[in-house]
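Presented below is the structure to which this report refers.
Note that ligands are numbered from 1 as they come in the structure, with each ligand's atoms numbered from 1 the same way. All values reported here derive from a predicted model rather than from experimental measurement.
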Amino acid sequence: MALSGVKNNRGELRILENLDELRTDLADYIAELSEAAVKERGVFAIALSGGSLIGLMGKLCEAPYNKTVDWAKWYIFWADERVVAKNHSDSNYKLAKDGILSKVPIVPSHVHSINDSVSAEEAADEYMFVIRQLVKTRMVSVSDISDCPKFDLILLGMGPDGHIASLFPSHAVLDETDEWVTFITDSPKPPPERITFTLPVINSASNVAIVVTGESKAEAVHLAIDNVEPNCPSLPARLVQPTKGKLVWFLDKPAASKLDDLQFSE
Ligand SMILES: O=C(O)[C@H](O)[C@@H](O)[C@H](O)[C@H](O)COP(=O)(O)O
């Protein structure tokens, strides 16, 4: 690992030397959290996003992880999904299925993707209902300070504008506190129709990881992590602040290149 440490109360930063090291560190991190959750609760409830994240998780399908991870105990969700058919090239489900889920022994009934045959609004409502049922049976834990689900791990990417999941800068859904899952029809990043976990759900998770690579995101990383003036209250990535859980940033060096005074131990 190149650098690691805690900065400005904004979580743990892991800045990796190159993409290969990042992939290995990310796979180790996910495998460790899976083992801990299975030991403690008997299951591992993990929520994925789309984008480059899935490719960066690829080492999980290789040795030793493909054999050592207790895949049968995984329950898979999406922190956000594009409202398109499951076989569409824009589908986050398809991305994860082709990239990971079809390559490891996940139980098909544990894969909770959205209903792709209804409107964005209905898909969000139905997804919330599905999660509610799984909270009742404790396949997904519940937060002890809100009534929100408490996922063992929520994995997020970040766009160059600082968006995470399908929560975009200055969008009204950033203020959504009543629903666990909501929808948008005006995403600035295509496709326009999406469903997304809301901030209260993201911030109720036991663990949240934000995985960011490339220089095009360096400014957003700086705005999300450093103490900047004026600060950016509506930058979604800055609003990821798990109440009791742990936040970890996985960055490559180009993505970390605009962070102020990095003085971590090598
Ligand atoms: O479905 C989506 O569009 C996402 O879940 C979105 O939040 C993504 O994670 C970021 O846009 C980063 O994507 P990249 O890593 O591909 O830049």
Side-chain angles (χ1 to χ4, degrees), residues 14 16 19 22-23 25-26 30 46-59 76-101 112-114 116 120 123-124 127 151 153-171 173-174 176 180-199 201-203 205 208-225 234-240 247-258:
R14 299 186 183 190
L16 287 308
L19 289 181
L22 190 149
R23 287 193 181 96
D25 197 41
L26 183 61
I30 297 169
I46 175 171
L48 309 173
S49 302
S52 57
L53 169 73
I54 301 300
L56 294 169
M57 291 170 67
K59 287 217 172 167
I76 321 267
F77 301 84
W78 275 266
D80 75 315
E81 176 59 289
R82 295 99 177 263
V83 183
V84 293
K86 283 193 175 63
N87 59 3
H88 192 285
S89 58
D90 278 340
S91 161
N92 285 347
Y93 164 79
K94 178 174 163 46
L95 184 70
K97 183 168 178 255
D98 294 350
I100 300 171
L101 307 181
H112 295 285
S113 54
I114 69 162
D116 61 351
Y127 206 49
F151 287 91
L153 172 62
I154 298 182
L155 286 165
L156 303 168
M158 185 187 79
D161 60 354
H163 79 261
I164 45 99
S166 287
L167 299 170
F168 290 87
S170 307
H171 197 287
V173 289
L174 292 176
E176 177 60 68
W180 294 350
V181 183
T182 189
F183 70 101
I184 60 172
T185 54
D186 58 356
S187 168
K189 177 184 178 183
E193 301 204 355
R194 289 151 175 264
I195 65 116
T196 182
F197 282 3
T198 57
L199 281 169
V201 170
I202 292 172
N203 287 330
V208 181
I210 309 184
V211 183
V212 191
T213 62
E215 207 192 335
S216 67
K217 298 174 179 175
E219 183 64 21
V221 166
H222 162 66
L223 295 176
I225 296 175
S234 73
L235 193 80
R238 205 175 170 94
L239 300 173
V240 178
L247 170 63
V248 181
W249 292 81
F250 288 84
L251 306 172
D252 67 351
K253 284 196 156 174
S257 60
K258 292 194 177 166

| task | Tell me, please, which residues at least two apart from His171 pass ring pair (Phe, Tyr, Trp, His ring centres under 6.0 Å). | result | none
Which residue holds the protein heavy atom closest to [atom], what is that atom called, and what is the gap in Å?
| atom | result |
| --- | --- |
| atom 9 (O) of ligand 1 | Gly50 O, 3.4 Å |
| atom 1 (O) of ligand 1 | Arg82 NE, 2.7 Å |
| atom 17 (O) of ligand 1 | Lys217 NZ, 2.5 Å |
| atom 4 (C) of ligand 1 | Asp80 OD2, 3.3 Å |
| atom 8 (C) of ligand 1 | Lys189 NZ, 3.8 Å |

| query | Near Lys97 NZ, under 6.0 Å, is it more than 12 heavy atoms from other residues, nucleotides or ligands? | reply | no
| Based purely on interatomic distance, does Gly159 place a nitrogen or oxygen under 3.5 Å from a nitrogen or oxygen of ligand 1? | no
| query | Is the shortest N/O to N/O distance between Ser49 and ligand 1 below 3.5 Å? | reply | no
| message | Check whether Arg82 reaches the backbone of Asn92 with its side chain - one donor and one acceptor, N or O, closer than 3.5 Å. | response | no
| query | Any donor and acceptor pair, going by atom type alone, linking the side chain of Glu81 with main-chain N or O of Tyr93 inside 3.5 Å? | reply | yes
| What heavy-atom pair brings Ala120 and Glu193 nearest, and what distance separates the two atoms? | CB-OE1, 3.9 Å
| task | Walk me through it: do Asp252 and Thr213 pass the test side chain to side chain donor-acceptor pair (under 3.5 Å)? | result | CA-CA 5 Å; Asp252 67 351; Thr213 62; 4.6 Å; no
With a heavy-atom distance limit of 4.0 Å, tell me whether [X] approaches ligand 1 through its side chain, its backbone, both, or neither.
| X | answer |
| --- | --- |
| Asn92 | side chain |
| Ala165 | backbone |
| Met158 | backbone |

| query | Numbering the atoms of ligand 1 from 1, which are under 4.0 Å from a heavy atom of Gly157? | reply | 9 (O)
| task | Kindly state whether the ring of Phe151 and the ring of Phe197 have centres lying under 6.0 angstrom apart. | result | yes
